[in-house]
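Below: the structure, in structure tokens.
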Amino acid sequence: MPAPVLKLSHITKRFGSLTANDDISLELYAGEVLALLGENGAGKSTLVSILFGHYTADAGHIEAFAKPLPAGDPKAALAAGIGMVHQHFTLADNLSVLDNVMMGSESLWQPFTRRGKARAKLLDVAKRFGLSVDANARVGTLSVGERQRVEILKALYRGARILILDEPTAVLTPQESEALFAVLSQMVAQGLSIIFISHKLGEVLRVSQRVAVLRAGELVAQARASETTQSQLAQWMVGRALNPAQRHPAQNVGEAVCVLDQVSTAPARERLNEASLTLHRGEIVAIAGVSGNGQGALAQLLCGTRPASAGTVTLMGRALPQKPAQLVALGVARIPEDRHEVGVIGDLPLWENAVAERLQSRTFSRFGWVRRRAAYAYAQRVIEAFDVRGAGADAPARSLSGGNMQKLILGRALVHPQRDATATPKLIVAHQPTWGLDIGAVDYVQRQLIAARDAGAAVLLISDDLDEVLTLGDRVAVIHDGQLTPARPALAWSREAIGLAMAGAGKAIGQAMAGAGAGIDENERASA
Amino acid sequence: MNADLFANEFFAILANPEFWVAVLRIATPLILGTLGVLLCERAGVLNLGIEGIMVAGAFTGWLAVHGGAPLWAGVLVAAVTGALLGLLHALLTVGLALSQHVSGLGITMLASALSYYGYRVSFPKVSTPPTITPFAEMDWLNVPILAQQSPLTLLALLLVPLIAYVLYRTPVGLALRMVGENPQAAEGQGVSVAALRSGAIVAGSALMGVAGSFLTLSAFNAFFFNMVNGRGWICIALVVFASWRPGKALAGALLFALFDALQLRLQQSGSAVLPYQLYLMLPYLLSIVALILVARQASYPQALMKPYRKGER
């Protein structure tokens, strides 16, 4: 066996009482993709941050190309040929692609930049690995997929021989992911080594030669990709056998709850453009699409935080109220996309966050004073009913893990303020409800949505995750550039058709499907 | 009020070369100060210490010259004073990652108070402020209007293209802008965020010190209380007006100086029947209008006022 290009020996890292990495030893060889698999919080990101010098390990050492790598020094990691593509891109939006790529590559005290030379080198590297990009474009104007290419180019430009990709497909369309995999195989063919971090089992088996599984900071298993299976990996990752998510089709679809008729919102970075959609009692309508195509506008419209500029929106036969508090009082449950920014107020305690949406209701306030006891009791009920694990109702919301924060948001949306009332929400607007959650939490959130649907709620599920859309959605519509395709039964869509519609070929697809008799008009809802 | 008479006087003011000499003179400390703020903010650090740093620069520069040092040595002393106060700001905001507002305001209060204290201690029993011989006009320069300025004005004008060049055409300038936009990205490319931010604050504060020294070594010949009089705050606003670009900063400083010179003359004009306080308001009012028109599209350095702590998520 050839010598490894990278060798991690007995890496241990603690944050306070948490052991994020526990005595991890790993080797990486030239020309291979090593997948690092694990749930959120398993220690994948910590491990590669140590590798790249963002953190310093408490114990253990690293060798790159048979030379010891100094700890805690990104510059040394770069010089040793290690490049990192972060999950949250580290790019400056206001600077050009070329600026972003060449920054830091020249001596800081050189009296001028060699832009011409840098541009030529960038184009050369881009061509070699099939990563086309406009060197003069401002990064802020690029799509997510393009930004990722810039991030990869940045590492290759600096001569990286080992590339670390942190959850690279989390932000990509299926087609963009395929393009990325093609680029990765070109790199490997040219002798580069890649560490591919993911928690998606399918793509791990697809792109990697070897898989290393982390669980709770420990390296629990290593295997050749060709010699293992998804269920084996899942078992290593979670520590127990998991039943893959199954479709639970709607049984009792009732009357229309919410109707959008030719709705547009004012022009902005993201908008709706003459979108029509009907949501019925007891069904989940899932919206697929590349993020940034109007999903935010749709969610905000139904959450009362963005007005319609044209068209009509009705909720149970009446015009949709414009005030969020009125919406909540009418039974609209809201699960916003960004739980940290919009979902909770991080510095306020759990109990205040639990009642934040209903602060004006009589249950929780009287004469302008908060009824603390009632609010506190409600928060306790949410915490118990939804198993929110943390430091209790008085802890600040930001201390919660992502999964528990989402349970809190889900709980306050679904638990009725009156103790005995069993009324479920009329409408649930769930925008990326499982984004960034580990498998256990994803499963929990999805089951709650299905249970709410079966109890009679109309659920609008907006998700970037195609698997989630096709598993949970009773009907599926695709959004592109603010326009919605008609919502069709999930089984009537093929993955290819959805991918094409996400890329903007929705009209053609719709006609083709209608021609083949598979299409069902928006108004002639399938009872299947 | 006779409108025709007023208009005549107005155009007479604009036609007088002395008016434009005054515009450039008033603009000089604003140009220097604005460039100083621009350097700090491009690296992502707000420096509200400018008002006090200008006072300190005005005082120490003047004191050195009063003690017998040459004028240019006085300018150097003012620059070093500014740099030292900048180093303190860097220590607090970069090293300790404290609030940039609080640190900046603290430095303004500290620097002003220390300067006035130093002045009182040095000259306990004077009724009229002691004077020095300030910079002479640049008679040797064969350019109208500019020949009637002090060399510090020429320095300020030359610094504009120089700083623009450094920011947009050198590796250190690119790194500086990156640090102000996305410090994580800069660190990931092997650039030290702390060193670059501190360097930018020290250099910018040195310019603020020089801006202050222009007041005592060129515009006037003495140090007195409240002589900076809010010029530092104007510079903070001018940087926004300029969208953090050196060329626009020059334009903004000249525009403000134009309004200021105009109001000074309108106050004195025979047809002025309005209370002089209204004229005093003019430059500030027009600045606000200009800010509203221009600054709405301004794109802030993305990491401005965000402390960066290494190794934190």
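Chain letters run A, B, ... following the sequence lines, proteins first and then strands; every chain starts at 1.
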Quick one: of B:A185, B:P171, B:G190, who has the most non-hydrogen atom pairs under 4.5 Å with chain A?
->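 If we count pairs closer than 4.5 Å to chain A, B:P171 comes out on top.
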Side chain to side chain contact (heavy atoms under 4.5 Å, CB included) with A:T90: which of B:M178, B:Q184, B:Q189, B:E187?
-> B:Q184
Sort [X] into side chain, backbone, both or neither according to what part of it lies under 4.5 angstrom from a heavy atom of chain B.
X: A:N100; value: both
X: A:F52; value: side chain
X: A:V101; value: backbone
X: A:S105; value: neither
X: A:M103; value: both
X: A:L95; value: side chain

Quick one: CG on B:N182 to CG on A:D93, what's the gap to the nearest 0.5 Å?
-> 8.0 Å
Side chain to side chain contact (heavy atoms under 4.5 Å, CB included) evaluation trace for A:E106 with B:L174 | CA-CA 10 Å; A:E106 297 174 304; B:L174 174 57; over 6 Å; no
Evaluate the side-chain proximity of A:F112 to B:T170: yes if any heavy-atom separation is below 4.5 Å, no if none is.
->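 A side-chain contact under 4.5 Å is absent here.
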Among A:R114, A:R158, A:E151, who wins on heavy-atom pairs under 4.5 Å with chain B?
->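 Heavy-atom pairs under 4.5 Å are most numerous for A:R158.
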